[in-house]
Amino acid sequence: MRWTADQWGTGFTANVGVTNLGAARNSWSVTFTFPGDQRVTGAWNATVSQSGSAVTARNAGWNGTLPAGATVTFGLQATYSGTNGRPTDFRLDGATCTATG
């Protein structure tokens, strides 16, 4: 899993890359938890929803196929108050992801 963010004032964009280390998938979902008061306002290359601090990104209709060893990338725009800490507990279809960047 790779998370890169650019922030300004009380907003930020983030690009997320997750590599599938398991079997090929016909659809995927990535979940993570924000540590602060971040709120997703938009996304690209995925359908992103948020409940409290928990965020779920699901494949778009055109990028659901994820072969073994392949990487899916998506992004989001969000707001925050206070500090903008990096999310925790990244998972691909429930399997824990290891951060690489």
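A donor-acceptor distance shorter than 3.5 angstrom exists from the side chain of Arg39 to the backbone of Gly52, with no hydrogens or angles considered. Using a distance-only test at 3.5 Å, with no hydrogens or angles considered, no donor-acceptor pair links the side chain of Ser53 to the main chain of Thr33. Remark: the backbone N or O of Val40 is paired with a side-chain donor or acceptor of Gln50 at under 3.5 angstrom. A donor-acceptor pair under 3.5 Å links the side-chain atoms of Gln38 to the main chain of Gly85, judged by distance alone.
Of the inter-residue distances, the one linking Gln77 atom CD with Thr41 atom OG1 reads 4.0 Å to the nearest 0.5 angstrom. Note that CG of Asn59 is 8.5 Å distant from OG1 of Thr65, once rounded to the nearest 0.5 Å. Note that the CG atom of Asn15 and the CH2 atom of Trp3 stand 9.0 Å from one another [nearest 0.5 Å]. Atom CE of Met1 sits about 9.0 Å away from atom OG1 of Thr98, to the nearest 0.5 Å.
Taking both residues in full, the closest heavy atoms of Ala68 and Gly22 are given as CB-O, 3.1 Å, listed atom of the first, atom of the second, then distance. Across all non-hydrogen atoms, the minimal contact from Cys97 to Leu92 is SG-N, 3.5 Å. In terms of heavy-atom proximity, Val48 sits nearest to Ala43 at CG2-CB, 3.4 Å. The shortest heavy-atom contact between Trp62 and Asn45 is CH2-OD1, 3.2 Å. Nearest approach of Pro35 to Pro87, heavy atoms of both residues: CD-CA, 3.9 Å.
Side-chain atoms of Ser29 and Thr56 include no donor-acceptor pair closer than 3.5 Å.
Contact check for Leu21 versus Thr19: side-chain heavy atoms found under the 4.5 Å cut-off. Proximity of Trp28 to Asn20: side-chain heavy atoms (C-beta onward) are nowhere separated by under 4.5 Å. Using a 4.5 Å heavy-atom cutoff, the side chains of Thr13 and Trp44 are in contact.
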Test side chain to side chain contact (heavy atoms under 4.5 Å, CB included) on Phe90 and Val16; report intermediate values, then the result. CA-CA 10 Å; Phe90 278 90; Val16 183; 4.2 Å; yes
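A search for side-chain contact (heavy atoms from CB on, under 4.5 Å) contacts involving Gln7 returns Phe12, Tyr80, Asn84, not counting sequence neighbours. Every residue meeting the salt bridge (charged side-chain N to carboxylate O under 4.0 Å, His left out) condition with Arg91, not counting sequence neighbours, appears here in chain and number order: Asp89.
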